[in-house]
Amino acid sequence: MTKGVWIRRSSDALYFFFVNFQLNIEMDHLAQSKRRSDCTADEVVGNPSETETEIGEMDHLVQSEKGNPREIATQNEEMDRISQLPEFIVHRILSFLHVPHVEIVRMSVLSKTWFHLTACFPVLDFNILYFEPQRHNFFKYVEYTTSRYCHHNLTAHTFKLVTTLQEPADLDIVYRCVDLVLNKGVQELMIFVMNPLNRFRLPDTLLSVSMLKSLIIESCELPSSLMADVVRFKSLIRLELANVPIDDEAIKYLATSCPLLQEFHIHTCYGFKRFCIYGHQNLKKVVISGKTQVERIDIDAPNLSTLSFGDTYRIEAPLVNLASCKKLTTVTYCGNPLPNSYGFIGFLSNFPFIENLILVTKYKCNNLKWSSRSLRILVLRSDCDLEEIEFSAPNLALFIYACDYNLLWPIIMNERWLRLRDSPYLKSCMQCYPGHIGALWFQKLRRFLDKENGYKVLNLYIRATCSQELTELEKLKAIELPPYELEHLELQLDELSAHVAFVDALLWCCRPRSLALRSFFNLPAFEKQSNVIKFTYKKLLEQEDEGHTRIQIVWSSSSEAQKQLRDLKSLSMATPRGGNTVTFLKEEVFQEEAG
């Protein structure tokens, strides 16, 4: 590919990236973003199909390019639309693309415009992984780039450094570069330095960077003069410490020195037993995770809305005092806090206004009870059986129950439950991740659904692994309970050999208006697929009055458009490839249609 084609492709892609960016943000706001970073990554999502079409047209133009070099150069200049954009907008776009700094430097060879744009790009992102196994080149590159950048009296917006130290010379280079950038000022700083011989200690200069807004430190030591000097973090909004030694007084002093601090994260930090913050007006989120050994959490922050804490290695929960946190609505706890049901009730009494509770515990008891009128979302990982859980939560909209920690962890980390919180479509939903199940589990599920707890389940999702062929279904059916009425039932089996038995057990428990089988087309043969579909179709019809209900089958595929089947006769003609879900919809048949 020629240099001119490279320029056109890069420029054209960034140009369309900016066009979509411009649709969401007015130009006057763009001018302000030169001084502030207010917009989110969602506001700059481009349209890939438009970009690909335009790039395809560029390829066609290149193939037809003939003539003298002056004409070709003129065409290249006309297509280099990126040079028409203001410099700070190009920098803004590049920062959202998360391109490593070494790749930014490589782009500088495209043209004089690109050379200037990359030379003053305010994001310095250094990661030794891009240089392995040539470690010596990495440190030379960091030293040269940082020195040249600061020599031109430029101020970095973001400085990121991820590296390991093996030689004393490496330590000296890293210290000089970090100190140089801090002297010039920086808004976002992320340092992760692994040193097997001795921890890297951050320079005292850090404490004087008043323009710093985000500070993330991992596997390093805080400046030695932290408790002696004045900390000038007047603009700091986010502070994150991971594997950093720190004591009780240092935590309190840091929080006091950051009046605008909104988020404080501590992960696997040692040396402190108490996490105490008093009189902080802007603090909104606190996260204390990993092996922390914290014994007491005492926070006085009237605007605190989110608290996440815990340590699965501790025997009991820390003492918690959050009396002044009237806006605290989301709490996540991972640990073993509950010697008995009364201990659990006492634990929840710390959060009278809670709306979202995520509790991950290995605790198992004979009876788990609690009551909350404010709770809207409950995520519970426990060894307690469903029939041992009783709660009164009339405003609960989503209940996620899991025995399998591996299935629950991605949900917690991605905060998918939180995105559902304000959804107008969220209506009495229960999600179950029970792991390995047998016929007994369905009995417990059916009894749980009948409990009078002010929470009526209307939508049920189950992901499980059948540990047996559910041979005790006859005993299950001997329990004389009518099927529980549901609006929608969704099933996902990790082992597909027991689909028929699984569906049979679920339809004994529940009578849904619609039913979806997810990841269904992972079945190895279409014959097995059709057998499961026919069985499910038949069982759903048996739940309704004969002649008054018909069932529509909808194929949902990731690679194809939806397919609707009026009956089983058209099943043999529908063999979707790469599909994910088949859905059964019950429809009422009126007398005229039936006749």
Side-chain angles (χ1 to χ4, degrees), residues 227 236 238-241 244 246-361 363 368-380 391 393 412:
M227 300 303 293
L236 195 65
R238 177 185 175 91
L239 175 59
E240 185 171 338
L241 306 176
V244 173
I246 190 171
D247 58 29
D248 302 357
E249 293 302 316
I251 290 176
K252 189 187 304 183
Y253 184 61
L254 275 173
T256 305
S257 304
C258 307
L260 299 183
L261 189 66
Q262 296 182 14
E263 295 189 23
F264 197 165
H265 299 245
I266 291 184
H267 178 73
T268 313
C269 292
Y270 55 91
F272 75 101
K273 298 291 185 181
R274 299 162 62 95
F275 184 92
C276 301
I277 297 178
Y278 301 113
H280 205 295
Q281 300 299 313
N282 291 296
L283 191 62
K284 296 181 179 180
K285 184 175 184 178
V286 171
V287 178
I288 307 171
S289 59
K291 297 182 181 180
T292 58
Q293 295 297 310
V294 61
E295 297 176 355
R296 182 177 182 85
I297 298 175
D298 196 346
I299 302 177
D300 174 17
N303 290 303
L304 185 71
S305 61
T306 302
L307 173 64
S308 178
F309 68 106
D311 184 350
T312 55
Y313 296 91
R314 283 183 56 82
I315 299 176
E316 58 184 1
L319 298 175
V320 178
N321 179 17
L322 305 164
S324 67
C325 303
K326 306 297 184 183
K327 296 183 179 181
L328 181 62
T329 56
T330 300
V331 174
T332 300
Y333 179 75
C334 301
N336 305 291
L338 316 171
N340 50 52
S341 184
Y342 295 105
F344 184 66
I345 295 174
F347 176 76
L348 288 181
S349 66
N350 293 299
F351 322 111
F353 308 106
I354 190 172
E355 295 181 5
N356 314 296
L357 174 63
I358 302 90
L359 178 64
V360 180
T361 177
Y363 162 73
L368 191 59
K369 297 181 179 180
W370 75 93
S371 175
S372 173
R373 299 193 62 84
S374 61
L375 197 63
R376 295 196 63 236
I377 294 178
L378 172 63
V379 182
L380 176 63
F391 55 82
I412 297 175

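- With sequence neighbours left out, Ser257 forms a side-chain hydrogen bond (donor to acceptor under 3.5 Å, both in side chains) with no residue at all.
- For the pair Asp300 (side chain) and Gly279 (backbone), a donor-acceptor distance under 3.5 Å is present.
- Under the side-chain hydrogen bond (donor to acceptor under 3.5 Å, both in side chains) criterion, Lys291 pairs with no residue at all, not counting sequence neighbours.
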Query raised in the report: Passes side chain to side chain contact (heavy atoms under 4.5 Å, CB included), Ile299 versus Leu304? Steps please.
Result: CA-CA 9 Å; Ile299 302 177; Leu304 185 71; 4.1 Å; yes
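- Contact between Thr306 and Leu328 at its shortest, heavy atoms only, is N-CD1, 3.8 Å.
- Considering only heavy atoms from C-beta on, Leu241 comes within 4.5 Å of Ile246 through its side chain.
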**Report entry** Chi angles and distances behind the side chain to side chain contact (heavy atoms under 4.5 Å, CB included) call for Val379, Leu359
**Finding:** CA-CA 6 Å; Val379 182; Leu359 178 64; over 6 Å; no
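- Side-chain contact between Met227 and Glu249 is present, with heavy atoms from C-beta onward closer than 4.5 Å.
- Phe391 is linked by a ring-ring contact (aromatic ring centres under 6.0 Å, His included) to Trp370, Phe399, counting only residues two or more places apart in sequence or in another chain.
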Query raised in the report: Would Tyr333 and Leu307 satisfy side chain to side chain contact (heavy atoms under 4.5 Å, CB included), going step by step from the backbone distance to the final call?
Result: CA-CA 8 Å; Tyr333 179 75; Leu307 173 64; over 6 Å; no
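- Atom CG of Asp248 sits about 6.0 Å away from atom CD1 of Ile251, to the nearest 0.5 Å.
- With sequence neighbours excluded, the residues that form a side chain to side chain contact (heavy atoms under 4.5 Å, CB included) with Asp298 are Cys276, Tyr278, Arg296, Asn321.
- You'll find the side chain of Leu239 reaches within 4.5 Å of the side chain of Leu261, heavy atoms only.
- Residue pairs meeting the salt bridge (charged side-chain N to carboxylate O under 4.0 Å, His left out) criterion with at least one member in residues 255-268, sequence neighbours excluded: Arg238-Glu263.
- Legend: residues meeting side-chain hydrogen bond (donor to acceptor under 3.5 Å, both in side chains) with Ser289, ordered by chain and number and at least two apart, are His267.
- The side-chain heavy atoms of Val287 and Ile266, taken from C-beta on, include no pair separated by under 4.5 Å.
- Judged by distance alone, the side chains of Asn303 and Lys327 do bring a donor and an acceptor atom under 3.5 Å apart.
- Residues Gln281 and Pro302 are in side-chain contact: their nearest non-hydrogen atoms beyond the backbone lie under 4.5 Å apart.
- Note: Phe264 and Phe275 meet the aromatic proximity criterion, with ring centroids under 6.0 Å apart.
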